[in-house]
Amino acid sequence: MTEQSTPSVTAQHRSSLRDRVREALAWLSKRSPVRRPGWMRGPAVPDGVRSPTLVTERLVLRPHRLRDAAAWYALQSDPEVLRYLAWPPRSRLRSFKHLFDRTHHVSLLRKDDFLALAVVLDGKLIGDVSVHFRKIESPDRQFEIGWIIATDQQGHGYARESAEGMLGLVFDRMHAQQVIAKIWSQNEASRVLATRLGFVEISITDDSRVMALDRDAYRAAPHRRR
């Protein structure tokens with residue numbers, strides 16, 4: 001009797017789990033912001049990218065996946081990570097929605113497109129690196145970059161390595177003229193990292209500083225020379 005009933009109970013459990021997943025995804029889709037169709041946001045650039053995966057010396061930078069939910073929640077629940085971000089504290093469900101939204105930010109084709117890639121070490125998400133497509137015109141093409149690394153993974157050069165990977169994408173593949181980074185004035189670690197990457201300060205207020213890396217300076221770095 002037990003041998004006959006076990007498969008039925010397992011099947012019911014799986015069915016119930018699928019139903020809960022469907023309900024969660026339906027809830028998320030109703031609460032996700034409606035994005036304008038691409039054609040309404042202007043023409044796509046011919047050298048744009050879709051769903052890139054970048055491999056660095058130690059890391060894989062790839063689009064976010066829903067199975068990253070536990071690691072993503074841990075990352076954005078860390079007070080030290082939130083300290084210099086404009087992100088609010090999120091419940092596990094709202095963190096899942098945030099990740100769900102991020103899985104759709106996979107292309108750089110049009111002005112204001114946003115690309116977010118998971119920073120993965122040995123198969124586990126440890127951070128996020130992202131860029132906004134700010135200006136699309138070739139002579140003035142500009143992106144804005146940001147990076148996040150889990151507190152327990154800091155101090156190993158992963159932020160620099162992931163940022164270098166994204167800079168290579170926008171400078172070498174998308175012909176960026178300039179990349180900017182907006183950093184909280186008190187975030188000394190990110191300021192130091194940006195400086196090491198070649199960024200220079202172009203403006204500062206009580207709350208934030210803007211740093212920029214131009215194409216010529218990017219190319220001039222000894223380790224990037226072709």
Side-chain angles (χ1 to χ4, degrees), residues 49 51-108 112-134 143-171 176 179-199 207-213:
V49 297
S51 301
T53 294
L54 313 176
V55 180
T56 67
E57 182 179 355
R58 298 173 294 174
L59 305 171
V60 176
L61 314 178
R62 48 92 171 147
H64 286 276
R65 301 168 183 169
L66 293 181
R67 66 170 176 259
D68 297 326
W72 186 249
Y73 177 68
L75 178 73
Q76 63 173 209
S77 298
D78 185 338
E80 286 302 308
V81 170
L82 293 177
R83 185 177 178 188
Y84 298 117
L85 291 176
W87 291 357
R90 293 186 174 94
S91 65
R92 194 175 292 273
L93 181 58
R94 291 192 178 278
S95 172
F96 187 77
K97 177 191 179 300
H98 189 227
L99 176 63
F100 177 80
D101 292 341
R102 229 161 178 80
T103 62
H104 293 83
H105 293 299
V106 294
S107 300
L108 293 173
D112 295 327
D113 273 359
F114 176 63
L115 171 68
L117 298 180
V119 178
V120 178
L121 173 68
D122 297 331
K124 180 182 177 181
L125 181 147
I126 65 165
D128 174 276
V129 61
S130 61
V131 286
H132 271 102
F133 203 170
R134 294 305 193 190
F143 296 83
E144 180 183 339
I145 191 169
W147 51 77
I148 307 166
I149 296 293
T151 301
D152 63 354
Q153 297 293 340
Q154 293 175 10
H156 303 288
Y158 298 138
R160 180 171 183 172
E161 191 171 327
S162 58
E164 286 277 16
M166 191 67 91
L167 290 173
L169 175 73
V170 297
F171 276 115
V179 176
I180 64 170
K182 295 180 179 179
I183 301 169
W184 286 74
S185 298
Q186 298 81 11
N187 191 345
E188 183 65 10
S190 281
R191 185 199 66 80
V192 170
L193 172 56
T195 300
R196 289 176 178 169
L197 291 167
F199 286 75
D207 297 326
S208 65
R209 71 180 80 237
V210 178
M211 302 183 72
L213 175 63

Student: Side chains of L59 and T56: does their closest heavy-atom pair fall under 4.5 Å?
Tutor: yes
Student: Using every non-hydrogen atom in the two residues, find where R209 and S185 come nearest and quote the distance to one decimal.
Tutor: NH2-O, 3.2 Å
Student: Checking S190 now: which residues fulfil side chain to side chain donor-acceptor pair (under 3.5 Å) with it, not counting sequence neighbours?
Tutor: W147, N187
Student: To check you understand the geometry: which heavy-atom pair defines the closest contact between A71 and L125, and what is its length?
Tutor: CB-O, 3.9 Å
Student: Tell me the closest heavy-atom pair linking L115 and L117, and the distance in Å.
Tutor: CD1-CD2, 3.8 Å
Student: Rounded to the nearest 0.5 Å, what's the gap from CD on Q153 to CD1 on I148? Could you check?
Tutor: 14.5 Å
Student: So how far is it from H156 NE2 to R58 CZ, rounded to the nearest 0.5 Å?
Tutor: 8.5 Å
Student: For the residue pair D113 and S107, confirm or rule out a side-chain donor-acceptor distance under 3.5 Å.
Tutor: no
Student: In the structure I gave you, are the side-chain heavy atoms of I180 and M211 within less than 4.5 Å of one another anywhere?
Tutor: no
Student: Within this structure, what is the NZ-OG distance for the pair K182 and S208, rounded to the nearest 0.5 Å?
Tutor: 8.0 Å
Student: Heavy-atom count around R92 CZ within 6.0 Å, excluding the residue itself: above 12?
Tutor: no
Student: Below 4.0 angstrom, N of the basic side chain to O of the carboxylate: do R62 and D68 qualify?
Tutor: yes
Student: A side-chain contact here means heavy atoms from C-beta on lying under 4.5 Å apart; do V60 and V119 qualify?
Tutor: no
Student: So which heavy atom on G198 is nearest to which on L213, and how close?
Tutor: O-CD1, 3.4 Å
Student: Please walk me through it: do D78 and R83 pass side chain to side chain contact (heavy atoms under 4.5 Å, CB included)?
Tutor: CA-CA 9 Å; D78 185 338; R83 185 177 178 188; over 6 Å; no
Student: Could you tell me whether the side chain of F143 reaches within less than 4.5 Å of the side chain of H132, counting heavy atoms only?
Tutor: no
Student: Answer yes or no: is there a side-chain heavy-atom contact under 4.5 Å between E164 and L197?
Tutor: yes
Student: If you compare all heavy atoms of W72 against all heavy atoms of H64, which two are closest, and at what distance to 0.1 Å?
Tutor: CZ3-CE1, 3.6 Å
Student: Kindly say whether the aromatic ring centers of Y73 and F96 come within a distance under 6.0 Å.
Tutor: no
Student: At what distance, to the nearest 0.5 angstrom, does CG of L75 lie from CD1 of I149?
Tutor: 8.5 Å
Student: Supply the atom-to-atom distance L61 CG to T53 OG1, rounded to the nearest 0.5 angstrom.
Tutor: 8.5 Å
Student: Taking CG in D152 as the centre, count heavy atoms belonging to other residues, nucleotides or ligands within less than 6.0 Å. Is the count above 12?
Tutor: yes
Student: For residues A163 and I145, report the shortest heavy-atom separation together with the two atoms involved.
Tutor: O-CD1, 4.0 Å
Student: Could you tell me if the side chain of V131 sits less than 4.5 Å from the side chain of E144, heavy atoms only?
Tutor: no
Student: Side chain to side chain contact (heavy atoms under 4.5 Å, CB included) between F133 and V170: does it pass, once the steps are laid out?
Tutor: CA-CA 9 Å; F133 203 170; V170 297; over 6 Å; no
Student: Should the ring pair F100 and H104 be called parallel, tilted or perpendicular, given that the plane angle runs from 0 to 90° and is split at 30 and 60?
Tutor: perpendicular
Student: Look up atom OG in S95 and atom CZ in R102, then write down how far apart they are to the nearest 0.5 Å.
Tutor: 10.5 Å
Student: If only side-chain N and O atoms count, and only distance matters, is there a donor-acceptor pair under 3.5 Å linking E80 with T151?
Tutor: no
